[in-house]
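Here the structure comes first, spelled out in structure tokens, and everything after it is commentary.
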There are 2 protein chains.
Amino acid sequence: MSQPTIKDVAKLAGVSISTVSRVMNDSKPVSEDSRKKVEDAIKKLDFKRNELARSLVMKRSNIIGVIVKDIAIPYMAEIIRGLEEVGRQKKYDIFLSSSYGNTESELEIVDFMFRKQAEGIIIVGENISNDVIYKLKENTIPYIFIDKFYDGDFSSNLIDYEKSAYQMTIEIIKRGHKNILFVKDDKDYKIEKLKYEGYKSAIREYGLNIFHINADDVHIEDGYNLGPKLLKRVKEDKISCIFAAEDDLAFGIINYFYDQKIRVPDDISVAGFGGSKFAEIYKPTLATFQIYYYDIGAGAMSKLIKILKNKSLSKDTVTPHLVHCKMEESVGFLNK
Amino acid sequence: MSQPTIKDVAKLAGVSISTVSRVMNDSKPVSEDSRKKVEDAIKKLDFKRNELARSLVMKRSNIIGVIVKDIAIPYMAEIIRGLEEVGRQKKYDIFLSSSYGNTESELEIVDFMFRKQAEGIIIVGENISNDVIYKLKENTIPYIFIDKFYDGDFSSNLIDYEKSAYQMTIEIIKRGHKNILFVKDDKDYKIEKLKYEGYKSAIREYGLNIFHINADDVHIEDGYNLGPKLLKRVKEDKISCIFAAEDDLAFGIINYFYDQKIRVPDDISVAGFGGSKFAEIYKPTLATFQIYYYDIGAGAMSKLIKILKNKSLSKDTVTPHLVHCKMEESVGFLNK
DNA sequence: TTGAAAGCGCTAACAG
DNA sequence: CTGTTAGCGCTTTCAA
């Protein structure tokens with residue numbers, strides 16, 4: 001026989017299915033006698049209730065749909081951990097799906113989440129397409145975006161990138177560096193611009209000169225490819241420290257230096273941003289700013305659940321673009 | 001109003017709900033006229049069918065439960081990608097849950113997967129507890145284990161660790177190394193023992209001496225902590241290359257050397273095993289053997305789905321311990 | 001305290 | 001080709 005149902009339990013216990021349901025959910029008083037009989041029957045049959053049926057009648061799936069770009073991206077995995085842990089705590093289950101950055105499949109997955117009766121949706125992406133945002137807005141279920149690079153009309157950005165970069169720059173200056181070169185992307189991601197602003201404030205505060213160069217994007221290879229151009233600037237401007245807007249960029253730069261026999265941090269210092277896991281084990285150690293991605297995930301899930309519980313909250317009060325982090329002293333070491 | 005149902009569509013289209021169902025599923029012939037009316041109604045209402053209800057009546061959830069130790073472990077994320085991609089292709093959805101290595105929660109999650117009507121279960125762990133295995137065996141739904149270290153009574157291990165380690169050792173010998181020190185864990189994980197066998201075969205084949213030392217476990221810190229002892233052996237035995245059974249172990253060793261100003265690979269060569277993503281960007285580059293974790297995931301999912309489709313396959317034919325990989329030339333560089 | 005019965009949204013005979 | 005009807009396994013009135 002396939003899985004036992006509530007009927008089988010009722011029959012074995014000699015009670016009605018309502019009584020079984022009441023025992024399982026503690027929803028109404030049940031006599032000690034019946035309760036015992038039901039519990040025994042459940043144990044004997046190894047009965048497990050069908051959550052699908054339950055969700056159907058209760059109109060509550062307890063499911064949160066989570067759409068990520070790619071779980072193999074370490075910081076996203078970190079976010080998911082936060083989402084999951086809080087979800088579990090609050091009895092919400094996560095339905096996870098990866099889009100691999102493809103808008104087409106993002107739209108499909110959103111639809112899919114609706115069909116699976118997800119009660120809310122969280123999207124963890126990098127530059128989420130407006131089509132997806134529009135689709136979410138159209139619908140009735142609450143949603144939250146966690147997006148590093150999206151530069152839309154959402155403003156509640158809880159990571160103070162500007163201040164963090166400012167602090168990092170101060171840290172660098174305090175270690176005796178005068179000529180600090182800031183490296184960011186060419187795509188003008190909003191968060192990189194903010195970091196640049198932070199860098200500039202610190203530089204101005206100490207009456208130093210601003211040095212800046214753009215890479216094509218923020219990945220390791222972009223850092224590496226920037227190498228020759230970067231090296232030229234380093235020599236021209238007597239740069240003693242490079243501050244890359246993203247850890248990956250910094251890794252690329254360090255790798256280029258390594259291949260050119262330029263020692264970090266003996267010949268030149270390099271700082272990154274993001275608190276990449278790699279930074280800890282990478283040699284030479286990378287100075288970086290920790291972003292607490294776990295907390296970003298946990299915070300997002302908490303918020304979504306709060307919205308779910310408090311249905312009086314209209315959709316307008318949902319802050320779609322949520323990013324959050326704490327800051328910590330920069331780690332790693334910078335020479336000089 | 002909340003989500004429209006099939007009834008709303010039927011009413012708007014002026015047909016019965018069965019017709020709507022038929023249009024949606026292409027399950028029976030429907031007149032062009034009705035079809036058009038239904039499709040229009042669906043579009044107008046933005047109707048999305050309730051998969052929960054559908055699964056209930058069809059007794060098919062299309063859900064595969066996936067239990068992982070931790071998605072933040074890079075190789076596990078890689079496996080999940082494989083699982084997911086094949087799942088999506090074959091129209092199976094994944095319900096993902098992390099156990100963080102806790103047997104208690106693993107057991108709970110298994111129960112949970114049953115209640116959610118998962119059709120099959122895949123567990124991606126490291127040393128899966130026998131309690132969990134027992135629980136799975138007790139039940140009716142098919143399951144697959146993907147476990148790196150589990151040393152149980154399952155035998156169909158599709159990665160030939162022994163041969164891979166043999167090949168790696170040959171590779172090292174061909175580059176002129178005579179005294180090669182093999183480093184593995186102290187826990188005697190089965191796969192590490194296999195690698196050791198491979199190493200020994202190659203060494204014997206070339207009439208060289210076997211050198212071997214144990215770390216406490218296979219993580220970065222274990223490699224680092226082994227440092228002093230390792231260095232002593234290196235000097236005593238005139239070791240020119242270290243072959244670590246796991247990439248992480250190798251990273252720890254290289255880091256220790258770095259801190260001791262010992263240059264890799266100029267002063268000594270280091271090889272790892274696993275094909276860690278990190279190996280690619282790490283400087284000095286680590287020689288390593290690629291394990292195709294994506295393929296392991298994809299293969300496991302294919303296998304599970306095959307079992308699902310072919311219900312005649314009894315549970316006995318399930319190979320619970322599935323591991324699979326292709327091999328590739330060792331990458332990275334080894335001096336001398 | 002308990003059971004009978006209705007119904008969640010859907011599919012699948014069955015009869016027309 | 002189409003509509004009516006009987007459930008899937010569960011929760012929840014409503015009476016008893």
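Letters go in sequence order (proteins before strands), and every chain restarts at 1.
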So [X], base contact, sugar-phosphate only, or nothing? Heavy-atom distance under 4.0 Å.
| X | value |
| --- | --- |
| S27(A) | nothing |
| S55(B) | nothing |
| K7(A) | sugar-phosphate |
| T19(B) | sugar-phosphate |
| R22(A) | base |
| I17(A) | base |

Nearest-neighbour nucleotide for the [X] side chain, [options] considered:
| X | options | result |
| --- | --- | --- |
| L56(B) | dC8(D), dC10(D), dT2(C) | dC8(D) |
| T5(A) | dG9(D), dT11(C), dT11(D) | dG9(D) |
| K59(B) | dC10(C), dT11(D), dG9(D) | dG9(D) |
| S18(B) | dG9(C), dC8(D), dT5(D) | dT5(D) |
| S31(B) | dT1(C), dC1(D), dT11(C) | dC1(D) |
| S16(A) | dC10(C), dG3(C), dT12(D) | dG3(C) |
| V15(B) | dC8(C), dG3(D), dT11(C) | dG3(D) |

In whole angstrom, give the distance that lies between atom [atom1] of [X] and atom [atom2] of [N].
| X | N | atom1 | atom2 | value |
| --- | --- | --- | --- | --- |
| Q3(B) | dC8(C) | CD | P | 15 Å |
| F114(B) | dG9(D) | CZ | P | 17 Å |
| D26(B) | dT11(C) | CG | C1' | 15 Å |
| Q117(A) | dG9(C) | CD | C1' | 9 Å |
| K28(A) | dT1(C) | NZ | C1' | 10 Å |
| K116(A) | dG9(C) | NZ | C1' | 15 Å |
| D8(B) | dG9(C) | CG | P | 9 Å |
| K48(B) | dG9(C) | NZ | P | 16 Å |

S61(A) backbone acceptor or donor facing E119(A) side chain under 3.5 Å: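 Side chain of E119(A) to backbone of S61(A): a pair is present.
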T5(A) backbone acceptor or donor facing D8(A) side chain under 3.5 Å: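 Between the backbone of T5(A) and the side chain of D8(A) there is a qualifying donor-acceptor contact (under 3.5 Å).
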Side-chain N or O of R49(A) closer than 4.0 Å to phosphate OP1/OP2 of dT11(D): yes
Presence of N50(A) side-chain N/O under 4.0 Å of dC8(D) phosphate oxygens OP1/OP2: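 So the side chain of N50(A) is outside the cut-off, no N or O lying under 4.0 Å from OP1 or OP2 of dC8(D).
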Please determine if [X] and [Y] form a salt bridge, counting it only when a charged side-chain N lies under 4.0 Å from a carboxylate O.
| X | Y | result |
| --- | --- | --- |
| D26(A) | R35(A) | yes |
| D46(B) | K48(B) | yes |
| K135(A) | D131(A) | no |

Evaluation steps, side chain to side chain contact (heavy atoms under 4.5 Å, CB included), between R49(A) and M24(A): CA-CA 9 Å; R49(A) 75 167 157 220; M24(A) 279 170 21; 3.6 Å; yes
Earlier contact from the 5' end, DNA chain D, for A53(A) and M58(A): A53(A)
